[in-house]
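What's counted below: heavy atoms across the whole structure, side chains too, no hydrogens, waters or symmetry copies. The shown structure was predicted, so the numbers you read here are calculated from the model rather than taken from an experiment. Letters go in sequence order (proteins before strands), and every chain restarts at 1.
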Number of protein chains: 2
Amino acid sequence: MAEQTRREELLQIAAELFATKGFKNTTVRDIADAAGILSGSLYHHFDSKESMVDEILSSFQEELFGAYAGILAGTDDPRAKLEAAVRVSFEAIDHHRDEVAIFQNEADYLGTFDRFAYLADRNQQSRDVWLTLLREGVSSGALRKDLDVELVYRFIRDTVWVAVRWYQPGGKLSHHDVADQYLTILLDGITT
Amino acid sequence: MAEQTRREELLQIAAELFATKGFKNTTVRDIADAAGILSGSLYHHFDSKESMVDEILSSFQEELFGAYAGILAGTDDPRAKLEAAVRVSFEAIDHHRDEVAIFQNEADYLGTFDRFAYLADRNQQSRDVWLTLLREGVSSGALRKDLDVELVYRFIRDTVWVAVRWYQPGGKLSHHDVADQYLTILLDGITT
DNA sequence: GTCTATATGATGATAGAC
DNA sequence: GTCTATCATCATATAGAC
């Protein structure tokens, strides 16, 4: 079950470095060192450093959007769907810390190159998911009618994903705890 | 009044590039090109590329923390102080877009070097400011007693600063509008 | 204050032996 | 699958002329 090909092992090592130091600040030598091999040997597994991030980002995105699609297709009421989408996102931060961090830090810049154009598409797709959920929430009466849904969308998206900067997997707060607390703030506010 | 030394002009050009492409992705040639001079000429004004970000970040931080200090020292009630801190932050995004973006994107990594150790200090200082405001809010009865103030602090900090990624100075929403909407969500939640 | 010319080092990548 | 050896390129930075 925890079978991992050498390729996957190397990708994981690279992902941790990209997430921590940034893509550009990580050299192929850094990756090779961390893997205990020489830099040239990496090219037996991958075409280039670029193709390494590419593979890391695209496979993560595929998994995440599969989860969103499941929620949208479900039969829960609007509020439950919104909660589920938030929970799935925090779960992704827990399970795919490095991938989320890389996406957060590098997507904007990488997205300017042809090879990574799919990142912009995914961004649009994500917006569609959240706006659908929020609009259903408003029209069902679960959410306030005076909300600027576009702004609320950005608020949710940003707050959720930026948590990758401080969330510690295995720390005091589980991803369930964080999601609970966050939903409380989002849904009911912080005032008495 | 809008007098700008050549030095400041060059820093502004560099800041825009650092904010858009990232520090490492911006070469001294990029900066020189944008300024209409050759890369070697930049070294008449600055020691190194590093000292350019350094100057950009440190002067911005100084201004921002001056504003926070003013709020803390004031006589407003806790809730008004919290609102003021949020407003000052969105204002900073409006007035110092590039600086905020650079800080958001690069501070974590740059902070690992001695030269930028002050970034970690400022981070701690910022935490003190917000925790003070939130605790005063809770003990005065303005904020809910069941809040995890540490978590709320991180949510506020992250949401406020990450807005630099989408906020458009001069766009449809002014920084006042964004602050209003954000405070509404934060204080009262999005449910009916 | 900017240019010419260039030193110096790091980085991504390749070819072929083991 | 990894190593040895090495290349080409690019990036930061310097020195002195104009």
Got a list of side-chain donor-acceptor pairs under 3.5 Å for residues 98-107 of chain A, not counting sequence neighbours?
residue	atom	partner	partner atom	Å
A:N105	ND2	A:A101	O	3.1
A:E106	OE2	A:F23	N	2.8

Report task. Take the protein atom CG of A:D33 and the nucleotide atom P of D:dC3, then report the distance between them rounded to whole Å. Result -> 11 Å

Requested in this report: Return the value, rounded to whole Å, for the distance between atom CD1 of B:I37 and atom C1' of D:dC18.
Outcome: 16 Å

Query - Interatomic distance, A:L10 CG vs D:dG1 P [rounded to whole Å] - result: 10 Å

Report task. Would you please say whether a donor-acceptor pair under 3.5 Å links the side chains of A:H96 and A:E63? Result -> yes

Query raised in the report: Is the phosphate of D:dT12, meaning OP1 or OP2, less than 4.0 Å from a side-chain N or O of B:S48?
Result: no

Query raised in the report: Does any donor-acceptor pair link the side chain of B:R29 with the base of D:dA11 at a separation under 3.5 Å?
Result: yes

Query - Whole-Å distance separating the CD atom of B:Q4 from the P atom of C:dG1 - result: 14 Å

Report task. Specify the residue among A:G36 and B:S39 whose closest nucleotide of DNA chain D lies further upstream toward the 5′ end. Result -> A:G36

Query raised in the report: Taking only side-chain nitrogens and oxygens of B:Y43, does any of them come within less than 4.0 Å of OP1 or OP2 of D:dA13?
Result: yes

Requested in this report: Send over the distance from A:F46 CZ to C:dT14 P, rounded to a whole Å.
Outcome: 15 Å

Query raised in the report: Base, sugar-phosphate, or nothing: which does B:S51 touch, judged by heavy atoms less than 4.0 Å apart?
Result: nothing

Query raised in the report: Rounded to whole angstrom units, what separation is found between the NE2 atom of A:H45 and the C1' atom of D:dC3?
Result: 12 Å

Query raised in the report: Mapping A:S41 and A:K24 to their closest nucleotides on DNA chain D, which lands nearer the 5' end?
Result: A:S41

Requested in this report: Assign B:L38 to base, sugar-phosphate, or nothing according to its heavy-atom contacts below 4.0 angstrom with the strands shown.
Outcome: base

Report task. Round to the nearest Å and state the distance from B:D54 atom CG to D:dT12 atom C1'. Result -> 17 Å

Requested in this report: Determine: side-chain N/O of B:H44 to OP1/OP2 of C:dC3, distance under 4.0 Å, yes or no.
Outcome: no

Report task. Using only heavy-atom distances, determine whether the side chains of A:S174 and A:D177 contain a donor-acceptor pair under 3.5 Å. Result -> yes

Query raised in the report: Do you know which of B:L110, B:D108, B:D54 makes side chain to side chain contact (heavy atoms under 4.5 Å, CB included) with B:L119?
Result: B:L110

**Report entry** N or O in side chain of A:R7 less than 4.0 angstrom from D:dG1 OP1/OP2
**Finding:** no

Report task. Could you tell me the separation between the CE atom of B:M52 and the C1' atom of D:dA11, rounded to a whole number of Å? Result -> 15 Å

Query raised in the report: Who passes salt bridge (charged side-chain N to carboxylate O under 4.0 Å, His left out) against A:K24, sequence neighbours left out?
Result: none

